[in-house]
Amino acid sequence: MERSTARFGQPGGVEMAVDKNKLEEEATILRFYKIVLSWDYLRLLKQSGKKNSKNIGDGSDLGLKHVKDTYKDVDEYLATFEPLLFEEVKAQILEGKDDEDKAEWKFVVPIKCSEADGFHLLTFILEDVESVKLNDLLLLSEKQFGDGTTKLPTKYAFGLVENRHDSLVQVTVRLQLRGEVKQLNADDVEPCPRLLNMRSLVSEESKSKSLNILKLHVSQDSILIHEDVGLGQVYIQDYGKEGRGNETILLLVEGERLELVKFRSGSMLDIHFEATCLSTIVREYVALRSICSLPFKDLILAASERNYTSEDQAWEIPRPLMESIESNHNKSQLDAIRVGVSRKRLVLIQEPPAKGQLATLHHIDLASYLKLEVGHAGSRKAWMLATLCLIGMIQSSDGAEDKKCPGRSPFLGLGVAFFLFCSVESRERYNHWEKASPWLSGTNPRDAKMPENGDDGFFPTSGNELKPEVVNSSRKYRVRVLVCAPSNSALDEIVLRLLNTGIRDENNRAYNPKIVRIGLKPHHSVQTVSMDYLVEQKLAGVDFQTSDKHKHGGSGRERDSIRASILDEAAIVFSTLSFSGSVLFSKLNRGFDVVIIDEAAQAVEPATLVPLANGCKQLFLVGDPVQLPATVISPIAEKFGYGTSLFKRFQRAGYQVSMLKTQYRMHPEIRSFPSREFYDGELEDGPDVVNQTKRSWHDYRCFGPFCFFDIHEGKESQPSGSGSWVNEDEVDFVLAMYHKMVTRYPELKSSSRLAIISPYRHQVKIFRDCFRSTFGVESDKVVDINTVDGFQGREKDVAIFSCVRASKEKSIGFVADFRRMNVGITRARSSVLVVGSASSLKKDKHWQSLVESVEQRNSLFKVSKPYREFFSDENIKSMAVKVLMPEKAEAPSDEMEVQAAVPIYDNSGDMDQEPADDPYGDGDADGYDMGYGED
């Protein structure tokens with residue numbers, strides 16, 4: 001069988017020379033396979049669980065070490081991260097074992113087996129061939145087993161999907177049947193009975209003929225051949241008791257001859273599907289093991305710059321551009337930009353909530369996209385990113401003046417001007433593009449010969465719009481920028497912002513550089529710059545870059561050539577961290593000069609290393625370590641610090657961090673608590689934030705800007721077989737609150753304006769089910785419901801935060817994670833309404849601070865059943881904000897004062913009664929101990 005290795009970054013094709021790095025990369029991947037594929041699934045199940053993670057002591061028996069801030073050498077670095085990465089692999093494999101929707105058994109028919117590089121390559125027939133994809137990890141067994149199985153199997157092993165032949169309904173998997181690898185020494189292999197038994201089983205199947213398959217229908221008594229069936233297809237129907245008979249009959253084709261081949265029932269294999277794809281973590285492992293050849297190796301290990309002097313290396317920014325930057329950025333943004341232009345190899349920029357993000361996409365007028373009004377609060381993050389990209393594009397090769405042109409710096413960037421599409425007539429556009437794309441009929445002139453001084457070159461700036469730029473020939477080198485983010489959604493948001501704002505050149509003129517978004521599932525708003533779209537446009541010949549019309553479809557080689565061309569032409573490439581390690585990037589003619597990683601605090605360190613393998617001269621890490629951390633499945637790996645991002649490790653080591661301090665989104669009363677609790681009180685409000693976030697519902701204290709509703713009678717519970725938690729009392733209260741708010745303020749009846757957030761996925765599910773039953777299939781249009789993790793980087797006018805946990809005896813689980821708390825309470829522009837049990841949450845110091853904060857502002861409401869009475873018209877009226885009119889002898893005040901002495905209501909009785917002496921009470925202690933429970 002021909003093996004494909006290109007998907008992990010190796011160049012395809014035997015004619016290509018394999019250099020030392022590629023050989024090392026291949027060896028690293030094979031090492032990963034040998035270790036993982038040797039594991040015993042049943043032993044992993046036995047060893048999994050939180051009790052084991054709490055009882056592993058110092059981890060020395062497992063070879064585990066805590067992540068440190070600095071490392072003396074590569075060996076110490078790998079000895080720390082490699083074992084933790086494999087613990088995470090184990091957890092990912094077992095993640096879906098309790099999910100009945102993900103895990104299932106299917107039986108297959110092996111037809112061929114071969115050996116290569118110490119592995120067995122097994123090919124089998126699978127009816128539902130599209131149910132697997134490359135790099136899926138499967139469990140192969142002679143017999144099915146699971147919960148309640150009395151007799152465990154003796155023949156089972158992991159298999160990694162290597163190839164999938166859809167037309168033949170065949171799948172090829174890689175197995176490691178030599179024995180189990182001890183610790184992480186791939187050369188120390190110990191034979192074991194289960195793998196030896198599995199080896200003998202698949203070897204028997206190698207005696208069967210490897211033939212093309214004719215589609216057939218197998219019944220218990222006869223074989224029915226469909227006349228309309230073509231070659232290269234198969235259909236297998238289960239038959240006999242439990243899907244098996246004494247023998248299975250397949251109709252095979254060898255040339256023109258039909259042949260019946262019988263397989264004993266014992267020859268069939270069962271496969272357990274858990275949809276565990278290892279592509280991402282393999283790329284991270286390759287990057288980790290390649291630390292010696294990565295840029296900034298010494299910097300990554302030491303977490304400090306050595307022998308760095310900014311005075312000699314800082315870039316000079318032209319005066320027109322610098323004036324524009326200074327006039328359109330606040331002080332903390334300017335400080336971050338200055339650090340970037342100082343040419344430090346690694347720049348850390350901390351982005352607290354609301355530091356200048358765009359509003360949600362559907363709130364932005366298309367006209368605002370084109371105005372390039374950088375002073376508008378909503379575009380500041382986009383301009384921050386654009387400025388970072390521009391920094392990479394205008395740097396000079398040596399920082400000195402161009403000797404051929406005294407007085408001019410050799411700016412290494414893209415255009416000095418751009419032409420709007422509407423200003424260029426059709427004939428002129430074609431003429432311009434003929435000059436703009438001469439390489440389509442030959443070699444790219446930039447690669448063949450650099451422009452000489454005095455000549456101008458024409459290059460395209462966009463893959464889908466006719467906005468060419470004139471490139472001044474004084475630029476001798478075209479700098480390339482790679483922008484990455486951990487997720488597709490985060491990446492698309494960056495792409496959209498850059499598309500909307502553009503970039504300024506050294507003369508402060510706006511232009512749109514040629515960009516491409518690489519990866520899966522692009523949002524429709526950035527579809528026109530996605531790689532797949534651009535490939536289709538070139539194949540269809542509608543991009544006006546050639547007079548020859550390509551036919552739809554195109555061969556695989558033709559598509560690969562087009563992808564490589566698009567990637568090579570792009571000035572800025574956007575990719576997720578994982579996809580930056582894909583085979584496509586191995587086709588680059590040269591690497592990147594600048595790498596920018598957004599949401600860098602949400603990525604484990606090995607993931608951050610992946611894009612660096614493409615080449616990098618300067619790295620920007622942008623993120624916030626006090627918002628959501630990286631997702632780590634393994635509690636063992638988490639305990640030893642595997643979730644620590646590279647950003648956080650450098651920050652702990654004392655590396656310089658530039659923080660963006662001015663926020664433009666939240667009402668000052670929302671900003672106040674997180675600023676004091678998480679950012680040392682350094683967050684500041686942008687101009688006119690109060691007026692921009694003031695809303696009509698603020699006339700009532702119970703609707704914001706910052707409120708806490710103490711559901712002191714609430715009870716938490718845990719769905720059977722789940723690690724998640726729910727609180728139906730909080731659901732009832734939130735539904736009553738939502739109904740009252742949208743009745744009084746109909747504009748809030750929109751998912752673009754109001755959100756319900758909870759840390760627990762089962763609580764989110766209950767909310768969604770309730771709204772679906774009330775509003776039908778259109779429920780997602782009237783409210784946005786999601787987990788805290790799902791809301792990172794997003795914002796709404798009103799955010800209702802359901803905390804769930806309510807128990808006197810138990811802990812509050814991962815609700816105690818201050819980073820999730822910070823994200824949950826900073827999603828709102830005008831009002832954040834926190835719903836929870838005050839007595840339970842106060843066990844945590846950060847939640848205690850929050851409860852005390854809202855209590856001091858008289859924004860804490862103790863709520864009793866029935867909850868709808870709390871939102872009665874009479875009670876709402878009693879919570880109206882009263883305006884204190886100034887005395888006649890005093891000068892008139894510009895601002896209204898809000899009465900601060902309104903009592904906290906316990907609506908268990910008459911609305912006119914005095915409040916209880918104890919605003920919290922003892923609460924309800926009926927919650928039962930079900931363990932830690934965070935999911």
Side-chain angles (χ1 to χ4, degrees), residues 1-5 7 29-30 32-41 105-129 131-144 153-181 186 189 191-214 232 234 236 244 247-254 259-273 278:
M1 185 199 73
E2 183 179 353
R3 199 178 71 238
S4 172
T5 58
R7 59 185 176 280
I29 295 172
L30 293 179
F32 181 91
Y33 291 162
K34 289 179 181 178
I35 295 173
V36 173
L37 296 181
S38 75
W39 288 342
D40 186 331
Y41 178 74
W105 284 95
K106 296 181 180 180
F107 73 90
V108 299
V109 180
I111 60 173
K112 180 175 62 172
C113 185
S114 60
E115 293 187 46
D117 299 327
F119 296 91
H120 281 73
L121 301 173
L122 176 66
T123 301
F124 54 78
I125 298 171
L126 176 64
E127 176 186 357
D128 186 14
V129 68
S131 61
V132 299
K133 57 183 179 294
L134 291 181
N135 304 321
D136 272 356
L137 189 68
L138 310 178
L139 179 62
L140 285 71
S141 173
E142 182 184 22
K143 298 179 181 179
Q144 296 184 17
T154 59
K155 302 177 183 179
Y156 61 95
F158 283 121
L160 187 77
V161 177
E162 283 281 307
N163 271 314
R164 195 185 79 182
H165 308 284
D166 293 8
S167 60
L168 300 178
V169 202
Q170 294 179 3
V171 175
T172 299
V173 296
R174 178 192 295 262
L175 300 98
Q176 200 279 86
L177 304 178
R178 294 172 54 217
E180 294 185 7
V181 174
V189 179
C192 66
R194 67 174 182 88
L195 294 181
L196 291 175
N197 293 337
M198 192 70 182
R199 184 170 185 168
S200 63
L201 177 64
V202 299
S203 295
E204 287 182 9
E205 304 318 316
S206 65
K207 300 174 185 178
S208 301
K209 297 182 178 180
S210 174
L211 303 167
N212 294 322
I213 306 301
L214 179 68
V234 66
I236 305 172
R244 293 198 177 192
E247 60 183 20
T248 299
I249 302 176
L250 296 178
L251 190 61
L252 307 179
V253 177
E254 185 176 15
E259 181 179 352
L260 292 179
V261 179
K262 297 183 179 181
F263 290 90
R264 298 183 308 277
S265 59
S267 299
M268 303 177 77
L269 288 174
D270 283 301
I271 293 187
H272 195 218
F273 288 79
L278 299 182

By salt bridge (charged side-chain N to carboxylate O under 4.0 Å, His left out), Lys155 pairs with (sequence neighbours left out) Glu142
Which of Leu196, Leu122, Val202 passes side-chain contact (heavy atoms from CB on, under 4.5 Å) with Leu177? Answer is Val202
- Message: Is it the case that the side chains of Tyr156 and Asn197 hold a donor-acceptor pair, with the cut-off being a distance below 3.5 Å and no angle test?
- Response: no
Checking Asp40, Leu37, Ile35 against Glu180 for side-chain contact (heavy atoms from CB on, under 4.5 Å), the one that qualifies is Asp40
Closest heavy-atom pair, Met198 versus Leu140, reported as atoms and distance to 0.1 Å, is CE-CB, 3.6 Å
For Phe32, the ring pair (Phe, Tyr, Trp, His ring centres under 6.0 Å) test, sequence neighbours excluded, returns Phe86, Tyr285
Separation between NZ (Lys112) and CD1 (Ile125), nearest 0.5 Å, reads 11.5 Å
Across all chains, not counting sequence neighbours, the side chain to side chain donor-acceptor pair (under 3.5 Å) partners of Arg178 are none
Tightest non-hydrogen contact, residues Gln170 and Val129, listed as O-CG2, 3.9 Å
### Query
Run the side chain to side chain contact (heavy atoms under 4.5 Å, CB included) check on Thr154 and Lys143 step by step: do they pass?
CA-CA 9 Å; Thr154 59; Lys143 298 179 181 179; over 6 Å; no
CD of Glu162 to OH of Tyr33, rounded to nearest 0.5 Å, is 5.5 Å
Discussion item. Whether the side chain of Gln176 engages the backbone of Gly179 through a donor-acceptor N/O pair (distance < 3.5 Å, no angle test) should be reported.
Written reply: yes
In terms of heavy-atom contacts, Leu160 and Asn135 come closest through CD1-O, 3.4 Å
Non-hydrogen side-chain atoms of Asp136 and Ser131 separated by less than 4.5 Å:
no
Smallest heavy-atom separation, Ala116 atom then Leu121 atom, equals CB-CD1, 4.2 Å
One pair to check against side chain to side chain contact (heavy atoms under 4.5 Å, CB included): Leu30 and Arg174. What are the steps and the verdict? CA-CA 11 Å; Leu30 293 179; Arg174 178 192 295 262; 3.7 Å; yes
Closest non-hydrogen contact found for Leu195 with Ser38 is CD1-O, 4.3 Å
On a heavy-atom basis, the closest approach of Arg164 and Leu134 is N-CD2, 4.4 Å
Subject >> Phe158 vs Leu139 side-chain heavy atoms within contact, under 4.5 Å >> reply: yes
